[in-house]
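Taking it in order: structure first as C-alpha cells, then the write-up.
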Amino acid sequence: MSSPERQKALKGMKDVLPPDIYLWQKVERTASELFSAYGFREMRTPVAEATAVFSRGIGEGTDIVEKEMYTFEDKGGRSITLRPEGTASAVRCFVENQLHTLPSPQKYYYLGPMFRYERPQSGRYRQFYQIGAEVFGSAAPAVDAEVMSMLRHFLMRLGLGSLNFQVNSIGCEECRPGYKQALLAYFAPVTGDLCPDCQRRYLHNPLRILDCKVRRCIELRKDAPRVTEHLCTGCEAHFRKLLDLLKLLNVPYTVNHEMVRGLDYYTRTTFEVTSEDLGAQNAVTAGGRYDNLVRNCGGPDTPAFGFATGIERIVDLLKQTLLPPEPAPAIFIAALGEQAHDAAMVIADGLREEHIWVELGEPAASLKSQMRKADRLSSEYVFILGDDELNSGLISWKRLSDGTAGKVSRADVGSFLSGRR
RNA sequence: GUGAGCGUAGUUCAAUGGUUAGAGCACUGGAUUGUGGUUCCAGUUGUUGGGGGUUCGAGUCCCCUCGCUCACCCCA
C-alpha cells in the first residue's frame with residue numbers, strides 16, 4: 001500500500017515463521033532421530049534435476065509429468081525441472097553413486113521442498129515439503145512392514161497415533177495386465193453411464209476408475225473385480241505376509257481395494273495414511289513398493305520400498321491439538337542510562353555465551369517501557385541496572401511470574417540463575 | 001485447466017447509493033522521582049486490491065483485471 005510496489009511470495013508458496021516454525025522443527029527433529037534408530041541415513045539431493053529424471057522415473061503419462069512440473073531451460077539450453085517428488089531423485093542418486101555396492105539393503109531418508117505447478121488449495125502448495133524414506137535392495141515384505149511401522153511410530157511420537165493406514169497391493173507386471181482386462185470387461189457394458197472423467201480413464205488408466213468420487217461411478221463399481229483376487233502367487237504371498245507382519249507389529253490397517261496410486265512406478269504394495277481432519281487433500285503420507293524403477297533408470301535390478309509424508313499436512317494436524325510453544329527469554333536487562341547499558345551489554349554477552357537467552361532494553365527507553373517489553377516477551381526475570389546498581393555492584397532482579405524481587409552481586413549472576421531455574 | 005466465494009487501517013470487522021470511511025484489538029507515549037500484567041488518557045495507520053463505467057453522488061450497482069480462499073482434476 002505504500003508507494004513502492006509491495007512484493008509478495010509467489011502463489012502457492014508460503015513463509016514459515018514462528019510460532020509455526022517450532023512445530024516444523026519438532027517434526028523434522030523427530031523424523032531424523034527416529035529414522036536413525038531404524039538405520040536410515042540422510043540423503044540430500046539437488047532440488048533441480050534434468051527433466052528426464054522425472055519424466056522417465058515418474059512416468060510420461062502421469063499428471064505430474066504431463067502438467068504439473070516446473071520445467072525451464074537453463075542458459076545452456078538444457079531442460080531443467082524442479083523436483084515434484086523425492087523418489088525419482090533418490091533413485092538417480094542411488095544409481096549415479098553406485099550405492100548398490102554398499103551392504104544391502106540401503107536405507108535413506110530425505111527432507112526438503114518439492115514443487116508442483118497446481119492450483120493451490122487447503123493443504124496443497126506449489127512449494128511443499130516432504131519427509132521421505134527409501135529402502136533399496138530388498139524384496140522382502142518384512143521391509144514394507146518395517147518401514148510402515150517406523151512411520152507409525154513417527155506419527156505416534158508426534159501425537160498422531162490414531163491415523164488410518166490403508167493398504168493395498170496392485171500386483172506386478174505379471175498379474176496386473178490380467179486384472180486390467182477383468183476390469184475393462186466389467187465396465188464394458190456400462191461405460192456410457194460413467195462420468196466423463198472415468199470414460200477417459202476407461203481408455204487410458206482403468207485402475208483410476210476405482211477411486212473416482214462421483215456417486216454414480218461408486219455405485220457402478222460396487223461389484224467390480226478386486227486387485228487382490230487377481231494377484232499372481234508371488235504377489236499374493238507378499239501381500240499376505242505383509243498383513244501378518246503389520247498385525248504382529250500392531251500397525252492398525254485397513255485393506256482398501258480401491259486405493260490406486262497416481263504414479264506409474266509402484267508394484268505390489270501401496271499404502272496411504274489419511275486423516276479426517278484435513279479437508280479434501282486428506283493424505284498425510286503415501287508410499288509403496290517400486291521393484292522395477294531402479295532398473296528402469298539404468299541401475300542394477302534393485303527392488304525398493306519407500307514413502308513420502310507432507311510436512312505442511314502434519315503441521316496442520318498438530319496445530320489442531322497443540323499450540324506451538326513460544327520460547328521466552330530467561331532474562332531481560334533493563335538498563336538506565338548509557339553507562340548502565342554498556343555494562344548490561346557485557347553481562348548479556350557473558351550469559352549468552354552460556355546459552356542463556358538474554359534480551360536488552362532499548363538504550364534510551366524509560367524503565368516503564370522496558371518493563372512492559374520484558375512482560376510482553378514473557379521473560380522469566382528482569383534485571384535492572386541503573387546508577388544505584390553500578391555504584392553498589394548489586395543488580396536488582398525481579399521475577400515477573402510472581403513479582404518477587406531482590407538483589408544479586410554481579411559476580412554471582414551465574415550461580416543465581418543455575419540455583420533459581 | 002474448470003467452478004464457486006471473498007477483497008475496507010498491522011489485524012478482526014462496521015458503514016439503508018448521500019457530508020470529512022469508523023470501532024475493538026495491536027502498536028507508541030503518558031497517568032510527579034526507578035518497576036510489567038488490570039485500569040484511565042492521548043496519539044499513529046487507509047489510493048476501500050487496481051482500472052473503467054452507470055449516477056447529481058459509488059466502499060456500496062455493472063464490466064474488466066489482479067489477488068486470496070475453497071472445491072474439481074490430481075495428490076503430500
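By convention in this document, chain letters (A, B, ...) are assigned in the order of the sequence lines, proteins followed by strands, and residues within each chain are numbered from 1.
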May I ask you to say what A:Tyr125 touches in the nucleic acid, namely base, sugar-phosphate or nothing, with a heavy-atom cut-off under 4.0 Å?
base
For a quick check of understanding: with a heavy-atom distance under 4.0 Å over all strands, which category does A:Val382 fall into, base, sugar-phosphate or nothing?
nothing
Looking only at the side chain of A:Leu367 (C-beta and beyond, no hydrogens), which of the listed nucleotides B:A76, B:G29, B:G34 gets closest?
B:G34
Does a side-chain N or O of A:Arg376 approach OP1 or OP2 of B:C27 to a distance below 4.0 Å, or not?
yes
Can you figure out which of B:C74, B:G37, B:C75 approaches the side chain of A:Asp63 most closely?
B:C74
Which one, B:G36, B:A76, B:G34, comes nearest to the side chain of A:Leu400?
B:G36
Rounded to the Å, how far apart are A:Asp197 CG and B:G1 C1'?
12 Å
Taking the side chain as C-beta and beyond, is there a heavy-atom pair between A:Pro120 and A:Arg126 under 4.5 Å?
yes
I'd like the C1' distance from B:G3 over to B:U45, given in whole Å.
38 Å
Please tell me if A:Arg208 has a side-chain N or O lying less than 4.0 Å from either OP1 or OP2 of B:C75.
yes
One pair to check against salt bridge (Lys or Arg N to Asp or Glu O under 4.0 Å): A:Glu219 and A:Lys222. What are the steps and the verdict?
CA-CA 5 Å; A:Glu219 282 169 27; A:Lys222 207 168 44 187; over 6 Å; no
Within 45 degrees of the ring normal and closer than 6.0 Å to the centroid, is that where the cationic atom of A:Arg289 sits relative to A:Tyr266?
no
Is it the case that the side chains of A:Thr228 and A:His257 hold a donor-acceptor pair, with the cut-off being a distance below 3.5 Å and no angle test?
yes
Would you confirm whether the ring centroid of A:Tyr381 sits within less than 6.0 angstrom of the ring centroid of A:Phe416?
yes
Side chain of A:Met371 - closest among B:C74, B:U35, B:A76
B:U35
Taking atom C1' of B:U38 as reference, at what distance in whole Å does atom CZ of A:Arg372 sit?
13 Å
Please check the phosphate of B:G67 (OP1 and OP2 only) for any side-chain N or O of A:Lys8 closer than 4.0 Å.
no
Could you check how far CZ of A:Phe383 sits from C1' of B:G36, rounded to whole Å?
16 Å
Compare side-chain N and O positions of A:Lys398 against OP1 and OP2 of B:G36 and report whether any pair is under 4.0 Å apart.
no
ring-ring contact (aromatic ring centres under 6.0 Å, His included) evaluation trace for A:Phe165 with A:Tyr253
CA-CA 5 Å; A:Phe165 278 65; A:Tyr253 67 86; 9.1 Å; no
Of A:Val260 and A:Asp387, whose closest RNA chain B nucleotide lies nearer the 5' terminus?
A:Asp387
On the nucleotide B:C70, are OP1 or OP2 found under 4.0 Å from the side-chain N or O atoms that A:Ser122 carries?
yes
In whole Å, what separates the C1' atom of B:U44 from that of B:G17?
32 Å
If the C1' atom of B:C61 is compared with that of B:A23, how far apart are they to the nearest Å?
27 Å
Rounded to whole angstrom, note down the C1' distance from B:G52 over to B:U12.
32 Å
Test for a donor-acceptor pair under 3.5 Å between the base of B:G37 and the side chain of A:Asp375, counting only N and O atoms.
no
Yes or no on side-chain contact (heavy atoms from CB on, under 4.5 Å) for A:Leu220 and A:Arg215, after CA distance, side-chain angles and deciding distance?
CA-CA 9 Å; A:Leu220 286 172; A:Arg215 201 185 315 146; over 6 Å; no
Please measure how far the P atom in B:G5 lies from the corresponding atom in B:U19, and state the result in whole Å.
30 Å
For nucleotides B:U60 and B:A14, find the distance between their C1' atoms and express it as a whole number of Å.
13 Å
Tell me what A:Ala374 touches on the nucleic acid: a base, only sugar-phosphate, or nothing, going by heavy atoms under 4.0 Å.
nothing
Looking at B:A76, B:C74, B:U69, which one has an atom nearest to any side-chain atom of A:Lys14?
B:U69
Assess whether a salt bridge exists between A:Asp402 and A:Arg399, defined as any Lys/Arg side-chain N lying under 4.0 Å from an Asp/Glu carboxylate O.
yes
Would you measure the distance from the P atom in B:U54 across to the matching atom in B:C63 and give it in whole Å?
15 Å
How far, in whole Å, is B:U47 from B:A58 if one measures between their C1' atoms?
15 Å
If you pin A:Ala365 and A:Ala9 to their nearest nucleotides in RNA chain B, which one's is more 5'?
A:Ala365
How close or far is atom P of B:C74 from atom CD1 of A:Ile64, stated in whole angstroms?
12 Å
Which nucleotide, if any, forms a Watson-Crick or G-U wobble pair with B:U54, using both distances under 3.5 Å?
none
How long is the line joining NZ of A:Lys407 and C1' of B:G34, in whole Å?
10 Å
Indicate whether OP1 or OP2 belonging to B:G67 is found under 4.0 Å from a side-chain N or O atom of A:Arg119.
no
Tell me whether the side-chain N/O atoms of A:Lys368 come closer than 4.0 Å to OP1 or OP2 in B:G36.
yes
With the side chain of A:Ala280 defined as its heavy atoms from C-beta on, choose the nearest nucleotide among B:G34, B:C75, B:C72.
B:C72
Phosphate OP1/OP2 of B:A76: any A:Gln281 side-chain N/O under 4.0 Å:
no
Scan every strand shown for a Watson-Crick or G-U wobble partner of B:G37, both distances under 3.5 Å, and answer none if you come up empty.
none
Ignoring hydrogens and angles, does a donor from either the side chain of A:Gln370 or the base of B:G34 sit under 3.5 Å from an acceptor on the other?
no
Assign A:Gly403 to base, sugar-phosphate, or nothing according to its heavy-atom contacts below 4.0 angstrom with the strands shown.
base
